[in-house]
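Below, chain A is the first sequence line, B the second, and so on; all start at residue 1.
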2 protein chains.
Amino acid sequence: MIKIGELSKVTGCSVQTIRHYEKEHLIASAERSEGNFRLYDEAAVEQLLFIKHCRSLDLSVPEIRQLLALNRSPGAQCDDVNRMMDRHIEQVEARIQELTRLNEQLRMLRRSCSNRRTVEQCGILRNLSATPVSSG
Amino acid sequence: MIKIGELSKVTGCSVQTIRHYEKEHLIASAERSEGNFRLYDEAAVEQLLFIKHCRSLDLSVPEIRQLLALNRSPGAQCDDVNRMMDRHIEQVEARIQELTRLNEQLRMLRRSCSNRRTVEQCGILRNLSATPVSSG
DNA sequence: TATAAACTCTATAACAACTATAGAGTCAAT
DNA sequence: ATTGACTCTATAGTTGTTATAGAGTTTATA
């Protein structure tokens, strides 16, 4: 059994994050030592790594909760898992498109000003004052 | 002079957002009517549209504050504006790259499970349990 | 044994940029 | 007088952490 600092080192999650996950019921309440310190076993390490992996894929806490629940009911069909992944992938792709459009607009704006002008003549500020381009 | 609801309609910013911007000193404190209602003129409309345009480009509130300050000091060089835009563009492009990598990983993960399996055999859950791919 | 260092505990606030709510006041029309 | 639409302030919630304060525990050293 290891204490929270050790779990933090092993998993790369900060101590506060681990306590936060416990409060959010992503991980079960840990056993406590006599002095009220949290104690973790190997299973806790695995589960925390699972969560960390999910977070690295930008899955939200509620999504992870759902995955963990499914993981605990082995008889269930995994259509739910697939649907969640599909929805998540859609979201990520939508965000990429959004940022790509944004990037084009920013680059266009940036080209409207070269250095060594006063802000009176600054094309960036002038363009920002104009009505925004419709996002279509 | 128009009231906050009218300003909201004209600019497309919500009433709360306008009040929020005032509290954050992005816009000046509005004049008040006898009954303590905020009153806005055409200049307020313009400034709010400027802010909205900046936000649509994901510029942060502190960045916008800086732009507004520069806008108010016409003699200043606009190098600062350019530097801010360059930094911002870098951030956006970094985020796009990050999300693109993420998307690849998600699609790979998604392919590891077809429907109509039980979660015991679900490749997605199995892969999420394995050690995450190093982000390189 | 005293004590200091390193760790842990809980509770609470901060971050960003809003959004939502409660409870009260204002204004125009009926 | 009252209804409805609007506005006001103050406060809390959103998301996933991170940071802080003030206290208790454990371990190592003097």
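- No side-chain heavy atom of B:I89 sits under 4.5 Å from any side-chain heavy atom of B:V92.
- Within a heavy-atom distance below 4.0 Å of DNA chain D, the residues of residues 14-27 of chain A found are A:S14, A:Q16, A:T17, A:H20, A:Y21.
- Residues B:S60 and A:K3 both approach DNA chain C. Their nearest nucleotides, taken by heavy-atom distance, put A:K3 toward the 5′ side.
- Within a 6.0 Å sphere centred on CD of B:E31, other residues, nucleotides and ligands contribute 12 heavy atoms or fewer.
- At a threshold of 4.5 Å between non-hydrogen side-chain atoms, the residues B:R38 and B:R32 count as touching.
- Distance B:I64 CD1 to C:dA17 C1': 10 Å, rounded to the nearest Å.
- For the pair B:E6 CD and C:dA28 P, the computed distance is 15 Å after rounding to whole Å.
- At the phosphate of C:dA16, neither OP1 nor OP2 sits under 4.0 Å from any side-chain N or O atom of B:R55.
- Across the interface with DNA chain C, nearest-nucleotide mapping of B:L59 and B:E34 shows B:L59 to be the residue nearer the 5′ end.
- Mapped onto DNA chain D by nearest heavy atom, A:P62 and B:L39 fall at different nucleotides, with B:L39 at the one closer to the 5' end.
- Between A:R32 and C:dT10 there is a side-chain N or O to OP1 or OP2 distance below 4.0 Å.
- One finds a side-chain N or O of A:R38 lying less than 4.0 angstrom from the OP1 or OP2 phosphate oxygen of C:dC9.
- Under 4.0 Å is where a charged nitrogen must lie from a carboxylate oxygen, and between A:R95 and B:E98 no such pair does.
- Both A:I51 and A:V45 are members of a single hydrophobic cluster when ILVMFWY side chains are connected at heavy-atom separations under 4.5 Å.
- Atom CD of A:E31 and atom C1' of C:dT8 are 17 Å apart (whole Å).
- Two residues are said to be in side-chain contact when any heavy atoms from C-beta on lie closer than 4.5 Å; B:K52 and B:R55 fail this criterion.
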